[in-house]
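Below is one structure, written out as structure tokens, with a few remarks after it.
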Amino acid sequence: MAGPGEAMRILTLNSGSSSLKAATFEGDGLMVALTAHVSRIGLADARVRITEGEGAVVLDREIALPDHEAAVGWLLEWLAVERASLLPGVVGHRVVHGGGVFWEPALVTAELIITLARLTGIDPEHMPHALAGIRAVARAFPGALQVACFDTAFHRHLSSLARRYAVPQALVDAGVIRYGFHGLSYEYVMGELARLDPARASGRVILGHLGNGASMAAVKNGRSVDTSMGFSPTAGLVMGTRSGDLDPTVPLYLIRERAMTPDAISRLINHGSGLLGVSGTSKDMRELLDREPADPQAREAVDLFCYRARKYVGAYAAALGGLDAVVFTGGIGENAAAVRERILAGTEFLGIELDPARNGRNEPLVSTDASRVSVRVIRTDEEVTIARHAARLASRGAAGARRAAGSE
């Protein structure tokens, strides 16, 4: 933690299923000093790319990193050796699942770690990676304050009806409910929408975080009222390698008739389905769009992705009782004009009128001036959202320590 007169230095860690994003922030303005992206963790050709605040590449090379703990450990060691002036006093972590326990960012304590470990059964795809990052930081920087920021927290206001599955109450009591995810991204995007168009931000909004992981959320008066991901991040839209919505008897069929184990089914629906499973070749939307004119399976994968998302637009417009704005974010949502166009095709009855030229240029506003519903593209920034929460909790902790010292 920064001492009196010393600028606060924050490191953010954002672990994906096979990747790690990190950034260092300095000062009250949270200026970005370094960003790092580690991809293909666990494979022989894992790659680390580090850039400075202005975008200059500092390092870009392959490094053998068997797991997330090794990836975080390597990054922290590199930081200590190559950029000692940026060693953090505060580290903020993206934690995908808060279960029914954590509905706002929290300081990392021994008790919190124990609770997160218990949630691994709910989210075995992400929770072990978050815990690995926390352990690696504790070893490398034992004096640093750590903050856990939960993707589920944005959806804390979901009604009991929106959370409920049609299962016995005993399962609901055991935590089998809809949690929702991508909350740090949605929080940032809603903040930007409030800055750009406060009237619509306080109205009825559909958010689409479309990337390798993809989801949608219905937001009213700034609060999430429904979202496509549920008990886990596997539900909802078609994703890069995740199936999205799936008849619950399909896994039972695979167990009974195909003799598949639960682990094999988990690998199938999380890592072998989605765009990759339908196309048979790739999870990359850019590649599929390039290939679809000559590849029917690539075309089907893209069409299914867009069709599933369009159904959610209609469903959420109904849940919201109308629509004031649609916002696209995430790698696909921000950059794939053709996908946005195909998702919104036929939604004119909702008051949506896309401007083809603006959309083709990926402009911030891609609807026409006459469109009753505003359609925007907002680049997300989960890292700065994590840094803001980490700075707030660190400042609160420092203020508490000063008050305690003054009372002695």
I need the [X] [atom1] to [Y] [atom2] distance, nearest 0.5 Å.
X: Arg47; Y: Asp60; atom1: CZ; atom2: CG; result: 4.5 Å
X: Leu246; Y: Ser273; atom1: CG; atom2: OG; result: 7.5 Å
X: Asp28; Y: Leu30; atom1: CG; atom2: CG; result: 8.0 Å
X: Asn212; Y: Ile332; atom1: CG; atom2: CD1; result: 7.5 Å
X: Leu365; Y: Leu196; atom1: CG; atom2: CG; result: 9.5 Å
X: Thr385; Y: Phe154; atom1: OG1; atom2: CZ; result: 10.5 Å

Can you confirm whether the side chains of [X] and [Y] place a donor and an acceptor under 3.5 Å from each other?
X: Glu353; Y: Thr368; result: yes
X: Arg164; Y: Ser159; result: no
X: Gln169; Y: Asp173; result: yes
X: His209; Y: Ser185; result: yes
X: Thr234; Y: Asn270; result: yes
X: His129; Y: Ser15; result: no
X: Glu382; Y: Asn14; result: yes
X: Ser228; Y: Ser215; result: no
X: Thr12; Y: Glu383; result: no

Validation row: [X], [Y] side chains within 4.5 angstrom (heavy atoms):
X: Val339; Y: Phe305; result: yes
X: Thr347; Y: Leu323; result: no
X: Val189; Y: Asp381; result: no
X: Thr24; Y: Pro88; result: no
X: Arg195; Y: Met190; result: no
X: Leu34; Y: Arg83; result: yes
X: Phe141; Y: Val90; result: no
X: Val95; Y: Cys149; result: no

Of the non-hydrogen atoms in [X] and [Y], which two are nearest, and what is the gap between them?
X: Ala70; Y: Leu65; answer: O-CD2, 3.9 Å
X: Gly180; Y: Thr152; answer: O-CG2, 3.1 Å
X: His155; Y: Ser224; answer: ND1-OG, 2.8 Å
X: Val32; Y: Phe25; answer: CG2-CE2, 3.4 Å

Step by step, work out the side chain to side chain contact (heavy atoms under 4.5 Å, CB included) result for Ile10 and Ile386. CA-CA 10 Å; Ile10 297 173; Ile386 297 168; over 6 Å; no
Hey, mind stepping through Thr380 and Tyr186 against side chain to side chain contact (heavy atoms under 4.5 Å, CB included) and telling me if it holds? CA-CA 8 Å; Thr380 193; Tyr186 289 145; over 6 Å; no
Taking [X] for the side chain and [Y] for the main chain, is one N or O donor matched with an acceptor at less than 3.5 Å?
X: Arg308; Y: Gly236; answer: yes
X: Arg156; Y: Ala153; answer: yes
X: Asp355; Y: Ser367; answer: no
X: Arg299; Y: Pro293; answer: no
X: Thr329; Y: Ile378; answer: yes
X: Ser371; Y: Gly351; answer: yes
X: Ser279; Y: Ser282; answer: yes
X: Arg40; Y: Ser19; answer: no
X: Glu257; Y: Tyr253; answer: no
X: Ser202; Y: Pro198; answer: yes

salt_bridge([X], [Y]) N-O dist < 4.0 Å:
X: Arg358; Y: Asp369; result: yes
X: Glu125; Y: Arg242; result: no
X: Glu69; Y: Arg135; result: yes
X: Arg342; Y: Glu292; result: yes
X: Asp324; Y: Arg204; result: yes

Flag if over 12 foreign heavy atoms under 6.0 Å of [atom1], [X]:
X: Glu62; atom1: CD; answer: yes
X: Tyr307; atom1: OH; answer: no
X: Glu363; atom1: CD; answer: yes
X: Glu300; atom1: CD; answer: no

Criterion side chain to side chain contact (heavy atoms under 4.5 Å, CB included) on Val219 and Val225, from CA distance to verdict: CA-CA 6 Å; Val219 178; Val225 298; over 6 Å; no
Dump the intermediate steps for side chain to side chain contact (heavy atoms under 4.5 Å, CB included) on Leu75 and Ile50, then the final yes or no. CA-CA 10 Å; Leu75 183 62; Ile50 300 175; 4.2 Å; yes
Is the Phe231 ring parallel, tilted or perpendicular to the Tyr179 ring (thresholds 30°, 60°)? tilted
Start with the C-alpha distance between Glu26 and Arg9, add both sets of side-chain angles, then the distance that settles salt bridge (charged side-chain N to carboxylate O under 4.0 Å, His left out), and finish with yes or no. CA-CA 5 Å; Glu26 289 185 291; Arg9 294 186 298 276; 5.7 Å; no
Working note: Asn335 + Arg286, criterion side-chain hydrogen bond (donor to acceptor under 3.5 Å, both in side chains); need CA distance, chi angles, decisive distance, verdict. CA-CA 9 Å; Asn335 301 300; Arg286 291 166 298 185; over 6 Å; no
Would you mind telling me which of Thr120, Asp67, Leu116 makes a side-chain contact (heavy atoms from CB on, under 4.5 Å) with Pro128? Thr120
Check for me whether the distance between the ring centres of Phe181 and His97 falls short of 6.0 Å. yes
Step-by-step side-chain hydrogen bond (donor to acceptor under 3.5 Å, both in side chains) determination, Glu187 to His389: CA-CA 11 Å; Glu187 180 183 346; His389 284 305; 2.9 Å; yes
